[in-house]
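The block underneath contains the structure these notes are about, expressed in structure tokens.
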Amino acid sequence: LQGTLDIPVHVTLRGDWKRPTETDRTVAGTVLLIDHGAGTTGYSDMANVGFILRDFAGLRDLSIYYPGQLLSNPSTPVQYPYTVDAIGEFACVRNVTMVNSYEAIYYGLHATQGSSSFPTAISVYGAPIRRGIVTDSTASTPRFQNIQFMPEFWAESGLGSVSVADVTTAMRAENGIGFRVGKGGGGAVYLGLKLSGYDVGLQTFADQSPRMFDFVITNCQVGLNFPFAKDHGWVITKGLIDAEEFAVQTGDDAAHLAFNNVTFSSDAGIIHHTAGTMTFQSCTFQSWGSTDYAIDSGGFNGLSPTFYLSVVGCDFIQAGNHIRIGSDVQKALVYANTPMGTALDLQNNAGTGANFVIDTTSTHEFAELDPVDSVEDLLTVHRQVPTPLAGNSHVFDVYAYNA
């Protein structure tokens, strides 16, 4: 392709695709080579992007490769505009391997087109260098399902000759971010993310309130970076974050983050909490730096006060330096956690009173989730759900189940 391919309203460009697996990431089937736009970035209001998706347009079942992106110097990769500029309502990318995009998919605001509605990306793989998926000022409910961005998808693709280390170096040199989430997207769903190699796995740059389920973020400097989050915030359930610097980092405008059944580890402190409300239930804190606290909350150089910290029913696998409650924290609940060692190591610099419930000795059995083993299993389950037969009432007696 030597120019932008504009996919019209109600049209899907569909090829023949081989789904990557953990044991075989080689590319086969339809491969589109983008050979234009080198040296420019972003979308410049749709100039030089790989594909434009209009209303109800689709791109699916194919792979995309940039033959000019050779990484001859991994610290200075060739810049390209977005591979996909999805400007339309319900513009969908599905079953696509973006082998070595510089910036992969943009769902966002345009000077001439306005914002995109119902952004949808399902089963997208690859190793985007600078940006994976960016959303900004999106309308309605975005859905991102089974998105996997890792250096291995390029290094093991069979296209070009690069190593995992080279791709990771390029990602870090460009301050790479797997997901960058802006305004809009109320009720967005992030399901089955796998992100690796980036400077930041997922970062916000405006207020929003999605739900995120079943995710793995590894080999990133920072797993989740939340400078912004709405007052009803993010709900983040069943996942793993293994980061080099912080697993989760917040900013002054991060209002509310809720974590449930998430496993955290980091080479330094795990949670860096500077503002808003953070709640952890049934989470596991695996390992962190020997001089850092797993959860370091509040009291950071006079920044906006941390309103509330809740840590309930969590396991701390490493001994010592479990929780530090800084002087700026206004409310805290610490209850029924299981520490490594004889007792929970908690430093409370915020004082006591009705707003502080600190119990470092009680135990409690919490209900466990019944998780699906993998995203692929979940996708299979989705495909197996039968369509109800026409004419039946579908009214069921649920009294026996206390519903």
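- Listed for the D199 side chain is no donor-acceptor partner under 3.5 Å among the backbone atoms of M171.
- Counting heavy atoms from C-beta on, the side chains of I241 and L224 come closer than 4.5 Å.
- With hydrogens and angles ignored, the 3.5 Å screen pairs a side-chain donor or acceptor of T21 with a backbone N or O of D24.
- Taking the six-membered ring for Trp and the full ring otherwise, F285 and F280 have centroids separated by under 6.0 Å.
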_Intermediate values then yes/no, side-chain contact (heavy atoms from CB on, under 4.5 Å), R19 and N95_ = CA-CA 7 Å; R19 184 185 297 274; N95 296 351; 3.8 Å; yes
Name each donor-acceptor pair under 3.5 Å that joins a side chain in residues 262-270 to protein atoms two or more places apart or in another chain, with its distance.
residue : atom : partner : partner atom : Å
S265    : OG   : D242    : OD1          : 3.0
S266    : OG   : E245    : O            : 2.9
S266    : OG   : A268    : N            : 3.2

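- With K238 as the fixed residue, the side chain to side chain donor-acceptor pair (under 3.5 Å) test singles out one of N261, D214, N260: D214.
- Judged purely by distance below 3.5 Å, without hydrogens or angles, the side chains of K18 and T26 pair a donor atom with an acceptor atom.
- No side-chain donor-acceptor contact under 3.5 Å links T138 to the backbone of T135.
- H322 contributes a side-chain N or O that, together with a main-chain N or O of D345, makes up a donor-acceptor pair within less than 3.5 Å.
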*How far apart are the C-alpha atoms of F259 and Q281, what are their side-chain angles, what is the distance that settles it, and do they pass the side-chain contact (heavy atoms from CB on, under 4.5 Å) test?*
CA-CA 6 Å; F259 296 88; Q281 180 166 322; over 6 Å; no
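- A side-chain contact (heavy atoms from CB on, under 4.5 Å) with I271 is found for exactly one of D296, V248, L257, T250, namely V248.
- The shortest side-chain heavy-atom distance between V167 and M150 does not fall under the 4.5 Å cut-off.
- A donor atom on one side chain and an acceptor atom on the other are not found under 3.5 Å apart for Y66 and D35.
- Between V189 and Q145 the shortest side-chain heavy-atom distance does not fall below 4.5 Å.
- In this structure, a donor-acceptor pair under 3.5 Å is present between the side chains of S101 and T83.
- Taking OG from S290 and CG from N321, the interatomic distance works out to 8.0 Å, rounded to the nearest 0.5 Å.
- Listed by first and then second residue, the salt bridge (charged side-chain N to carboxylate O under 4.0 Å, His left out) pairs that reach into residues 271-281 come to none, sequence neighbours excluded.
- Looking at every heavy atom in both residues, G298 comes nearest to V329 through CA-CG2, 4.0 Å.
- Looking only at distances, a side-chain donor or acceptor of T4 sits under 3.5 Å from a matching main-chain atom of V49.
- Taking the side chain to side chain donor-acceptor pair (under 3.5 Å) definition, one finds that D16 meets it with nothing, sequence neighbours left out.
- Atom-to-atom distance recorded for Q69:CD and L159:CG is 13.0 Å, nearest 0.5 angstrom.
- Expressed to the nearest 0.5 Å, how far CG of L193 lies from CG of L202 amounts to 7.0 Å.
- Looking only at side-chain heavy atoms (C-beta outward), F51 and I34 come within less than 4.5 Å of each other.
- Under a 4.0 Å N-O distance rule, the pair K194/E152 does not qualify as a salt bridge.
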*side chain to side chain donor-acceptor pair (under 3.5 Å) between Y125 and N146: does it pass, once the steps are laid out?*
CA-CA 8 Å; Y125 302 78; N146 191 29; 3.0 Å; yes
*asked:* Please evaluate residues R180 and F205 with respect to the criterion side-chain contact (heavy atoms from CB on, under 4.5 Å), reporting the C-alpha separation (whole Å), side-chain torsions for both, the decisive distance (0.1 Å), and the verdict.
replied: CA-CA 7 Å; R180 196 157 189 264; F205 62 98; 3.5 Å; yes
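- Classification of the W288-F316 ring pair by plane angle, with boundaries at 30° and 60°, yields perpendicular.
- Of all heavy-atom pairs spanning I133 and Y107, the tightest one is CG2-CD1, 4.4 Å.
- Among pairs with a residue in residues 135-151, none fulfils salt bridge (charged side-chain N to carboxylate O under 4.0 Å, His left out), at least two apart in sequence or across chains.
- Smallest separation of non-hydrogen atoms from F118 and T120: O-OG1, 3.1 Å.
- Closest approach of A336 and T363 over heavy atoms only: CB-C, 4.1 Å.
- Interatomic distance, L333 CG to I358 CD1, rounded to the nearest 0.5 Å: 7.5 Å.
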*Q286 vs Q318, side-chain contact (heavy atoms from CB on, under 4.5 Å): CA-CA, chis, key distance, verdict*: CA-CA 6 Å; Q286 194 79 37; Q318 182 175 308; over 6 Å; no
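- With sequence neighbours left out, the side-chain contact (heavy atoms from CB on, under 4.5 Å) criterion links D315 to T284, I317, T338.
- Listed by first and then second residue, the ring pair (Phe, Tyr, Trp, His ring centres under 6.0 Å) pairs that reach into residues 154-184 are F144-F179, F179-Y190, sequence neighbours excluded.
- By the ring pair (Phe, Tyr, Trp, His ring centres under 6.0 Å) test, Y293 pairs with no residue at all, sequence neighbours left out.
- Between T169 and D166, the side chains place no donor N or O within less than 3.5 Å of an acceptor N or O (distance only, hydrogens not considered).
- V134 places none of its side-chain heavy atoms less than 4.5 Å from the side chain of I105.
- Listed by first and then second residue, the salt bridge (charged side-chain N to carboxylate O under 4.0 Å, His left out) pairs that reach into residues 47-67 are D6-R54, R14-D61, sequence neighbours excluded.
- Here the rule is side-chain contact (heavy atoms from CB on, under 4.5 Å) with I64, and of T97, L59, V31 only L59 fits it.
- Annotation for L344 and P339: closest pair N-CG, 3.5 Å, computed over non-hydrogen atoms.
- Distance check, rounded to the nearest 0.5 Å: OH of Y80 to OG1 of T40 gives 9.5 Å.
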*Could you give me the CA-CA distance, side-chain angles and deciding distance for T360 and Y335, then say whether side chain to side chain donor-acceptor pair (under 3.5 Å) is met?*
CA-CA 6 Å; T360 61; Y335 170 70; over 6 Å; no
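- Of all non-hydrogen atoms in L62 and W17, the two that sit nearest each other are O-CD1, 3.4 Å.
- Under the rule for a side-chain contact (heavy atoms from CB on, under 4.5 Å), the partners of V11 that lie at least two apart in sequence or sit in another chain are I7, P8.
- Residue pairs meeting the salt bridge (charged side-chain N to carboxylate O under 4.0 Å, His left out) criterion with at least one member in residues 107-131, sequence neighbours excluded: E103-R130.
- Taking W234 as the reference, Q208 meet the side chain to side chain donor-acceptor pair (under 3.5 Å) condition, with sequence neighbours excluded.
- A donor-acceptor pair shorter than 3.5 Å can be found between the side chains of S362 and D359.
- Under the 3.5 Å distance criterion, with hydrogens and angles disregarded, a donor-acceptor pair is assigned to the side chains of E174 and Y102.
- Every residue was checked against the ring pair (Phe, Tyr, Trp, His ring centres under 6.0 Å) condition with H36, not counting sequence neighbours, and none meets it.
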